[in-house]
2 protein chains.
Amino acid sequence: MDSAAPQSPAGLRTTPTWLLNQTATHASRLLSEGFAAHDLRGYHYRLLTALAEDGPASQADLGRRCGIDRSDVVAAINDLAGRGLVVRAPDPADRRRNVISITDDGTAEARRLGHTLDRVQRDLLAPLSATERDQLTRLLTRLLAHHSRQ
Amino acid sequence: MDSAAPQSPAGLRTTPTWLLNQTATHASRLLSEGFAAHDLRGYHYRLLTALAEDGPASQADLGRRCGIDRSDVVAAINDLAGRGLVVRAPDPADRRRNVISITDDGTAEARRLGHTLDRVQRDLLAPLSATERDQLTRLLTRLLAHHSRQ
DNA sequence: ATCCGATCGTGGGTCGCACCAACGATTACT
DNA sequence: AGTAATCGTTGGTGCGACCCACGATCGGAT
């Protein structure tokens with residue numbers, strides 16, 4: 001992006017959807033750069049964090065919790081398992097399922113990724129005061145809640 | 001997404017970057033659906049709007065104004081020109097450039113797209129009061145301004 | 001106990017958006 | 001005159017978010 005988007009059309013510059021997408025793009029770029037330092041991507045972070053916080057789960061469950069498609073979970077878990085950050089084991093109670101568990105290495109990596117996330121967070125919200133950050137968070141939370149429930 | 005993202009990991013649910021990306025994803029989905037009804041996409045809308053508002057321009061200029069890469073402008077303008085919404089003509093004053101102008105059909109389509117955009121806007125911001133919408137807009141504008149200037 | 005529908009993992013795709021590299025042609029700088 | 005910068009264009013890459021279809025397995029109804 002760099003020197004791009006110096007002056008978007010007036011009809012866009014004030015539209016919330018445009019603003020939302022632009023800031024999200026910036027945030028995504030920052031996140032990608034941060035995660036890239038760990039040689040991982042957003043999907044990996046979401047999955048690792050979900051496992052670290054809520055314990056082992058099936059791939060379908062992980063997908064639902066993280067908002068990732070089942071088929072995309074497969075690939076991401078493959079990566080994580082290949083790195084030893086996660087273990088895939090058949091569920092003895094339901095032979096359709098795999099139980100995914102985070103390893104110690106995975107937990108450590110998740111913690112490191114968390115620090116990266118925090119740093120990105122601060123960079124992103126740098127121009128906002130603490131109360132403004134809360135405001136933004138609350139507004140976005142409400143939007144999200146409204147649009148994901150039904 | 002549908003039934004997805006019912007409960008994201010706690011570590012994500014409150015992070016602004018996550019909220020931003022999620023709401024932006026929702027907004028993008030709404031926008032895509034809206035634009036799809038016109039058989040167009042986001043890039044087309046941005047370009048058409050820029051042309052409608054600020055008059056004819058070279059492709060490189062359009063790219064800079066809309067935050068679209070030069071190479072992506074080529075394809076989008078091809079589409080628009082193929083639909084007769086836009087005209088591509090060589091610039092007599094600078095033979096490197098093409099001058100892109102919007103046609104009457106293009107102007108009409110831009111107006112229709114604008115209405116779609118407005119509807120999406122209202123859908124997206126439905127759960128927010130007028131002052132809250134302003135708040136959100138102002139916060140996002142400040143974030144964007146901070147991150148695109150240097 | 002059998003059948004039917006739902007669920008799971010997996011592999012194969014598509015699409016949109018944001019980027020990058022490189023080329024020939026042309027223009028601007030000095 | 002010679003070099004640097006710009007423009008349009010082609011042809012890539014990567015990420016995220018989807019979709020469909022398959023075989024295997026499980027659950028509930030009969």
Side-chain angles (χ1 to χ4, degrees), chain A residues 1-5 17-18 20-36 39-47 57-64 66-79 81 88-100 148, chain B residues 1-5 17-18 20-36 39-47 57-64 66-79 81 88-100 148:
Chain A
M1 199 147 290
D2 304 286
S3 68
T17 52
W18 167 261
L20 219 39
N21 273 307
Q22 286 304 105
T23 50
T25 298
H26 272 283
S28 286
R29 200 171 41 78
L30 290 175
L31 276 180
S32 288
E33 288 170 5
F35 291 153
D39 203 34
L40 291 173
R41 290 165 299 136
Y43 279 6
H44 300 133
Y45 173 72
R46 295 196 215 169
L47 292 169
S58 73
Q59 300 182 189
D61 263 23
L62 283 174
R64 277 185 290 262
C66 300
I68 304 178
D69 191 272
R70 291 209 315 277
S71 54
D72 297 322
V73 172
V74 176
I77 293 294
N78 282 345
D79 294 346
R88 185 192 258 128
D91 185 342
D94 186 341
R95 299 213 307 265
R96 291 173 301 183
R97 295 183 188 165
N98 290 334
V99 175
I100 312 296
S148 28
Chain B
M1 200 148 290
D2 304 285
S3 68
T17 53
W18 168 261
L20 217 41
N21 272 307
Q22 286 305 103
T23 50
T25 298
H26 272 283
S28 287
R29 200 171 43 78
L30 290 175
L31 276 180
S32 290
E33 288 169 6
F35 291 152
D39 203 35
L40 292 173
R41 291 165 298 135
Y43 277 8
H44 299 133
Y45 173 71
R46 295 196 215 168
L47 292 169
S58 73
Q59 302 183 189
D61 263 23
L62 283 174
R64 277 185 290 262
C66 300
I68 303 178
D69 192 272
R70 290 208 316 276
S71 54
D72 298 321
V73 172
V74 176
I77 293 294
N78 283 345
D79 294 347
R88 184 193 257 126
D91 185 343
D94 185 341
R95 298 213 309 267
R96 292 172 300 181
R97 295 182 188 167
N98 290 336
V99 176
I100 312 296
S148 28

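Per chain, numbering begins at 1; letters A, B, ... match sequence-line order.
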Residue list, side-chain contact (heavy atoms from CB on, under 4.5 Å) with Arg88(A), at least two apart or on another chain: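 In terms of side-chain contact (heavy atoms from CB on, under 4.5 Å), with neighbours along the sequence ignored, Arg88(A) is linked to Gln59(A), Val74(A), Ile77(A), Asn78(A), Asn98(A), Ile100(A).
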
Tell me, please, which residues at least two apart from Ala60(B) pass side-chain contact (heavy atoms from CB on, under 4.5 Å).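 Ala60(B): side-chain contact (heavy atoms from CB on, under 4.5 Å) contacts with Ser58(B), Arg64(B), Arg70(B).
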
Looking only at non-hydrogen atoms, find the nearest pair between Ala76(A) and Tyr43(A) and report the distance.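 Reported closest heavy-atom pair: CB-CB, 4.3 Å.
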
Give me the atom names and distance for the closest heavy-atom approach of Ala24(B) to Leu20(A).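 Closest approach of Ala24(B) to Leu20(A): CB-O, 3.9 Å.
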
ring-ring contact (aromatic ring centres under 6.0 Å, His included) partners of Phe35(A), counting only residues at least two apart: Tyr45(A)

Taking [atom1] from [X] and [atom2] from [N], how many angstroms apart are they, rounded to a whole number?
X        : N       : atom1 : atom2 : answer
Arg29(A) : dC19(C) : CZ    : C1'   : 11 Å
Leu47(A) : dG16(D) : CG    : P     : 11 Å
Asp39(A) : dG14(D) : CG    : C1'   : 13 Å
His26(A) : dC19(C) : NE2   : C1'   : 14 Å
Asp79(A) : dG14(D) : CG    : C1'   : 14 Å
Gln22(B) : dG16(D) : CD    : P     : 12 Å
Leu30(B) : dC18(D) : CG    : P     : 12 Å

What are the atom names and distances for every N/O pair under 3.5 Å that joins the protein to nucleotides 15-17 of chain C?
residue	atom	partner	partner atom	Å
dC17(C)	OP1	Gly42(B)	N	3.1

Using side chain to side chain donor-acceptor pair (under 3.5 Å) as the criterion, list what pairs up with Thr23(B), not counting sequence neighbours. none

Looking at residues at least two apart in the chain, or sitting in another chain, which of them share a side chain to side chain donor-acceptor pair (under 3.5 Å) with Ser71(B)?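 Ser71(B): side chain to side chain donor-acceptor pair (under 3.5 Å) contacts with Asp69(B).
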
Nucleic acid footprint by protein, nucleotides 4-13 of chain D - heavy-atom cut-off 4.0 Å, B for base, S for sugar-phosphate alone: -BBBBBBB--

I'd like to check the salt bridge (charged side-chain N to carboxylate O under 4.0 Å, His left out) partners of Asp79(B); sequence neighbours left out, ordered by chain and number.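 Asp79(B): salt bridge (charged side-chain N to carboxylate O under 4.0 Å, His left out) contacts with Arg41(B).
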
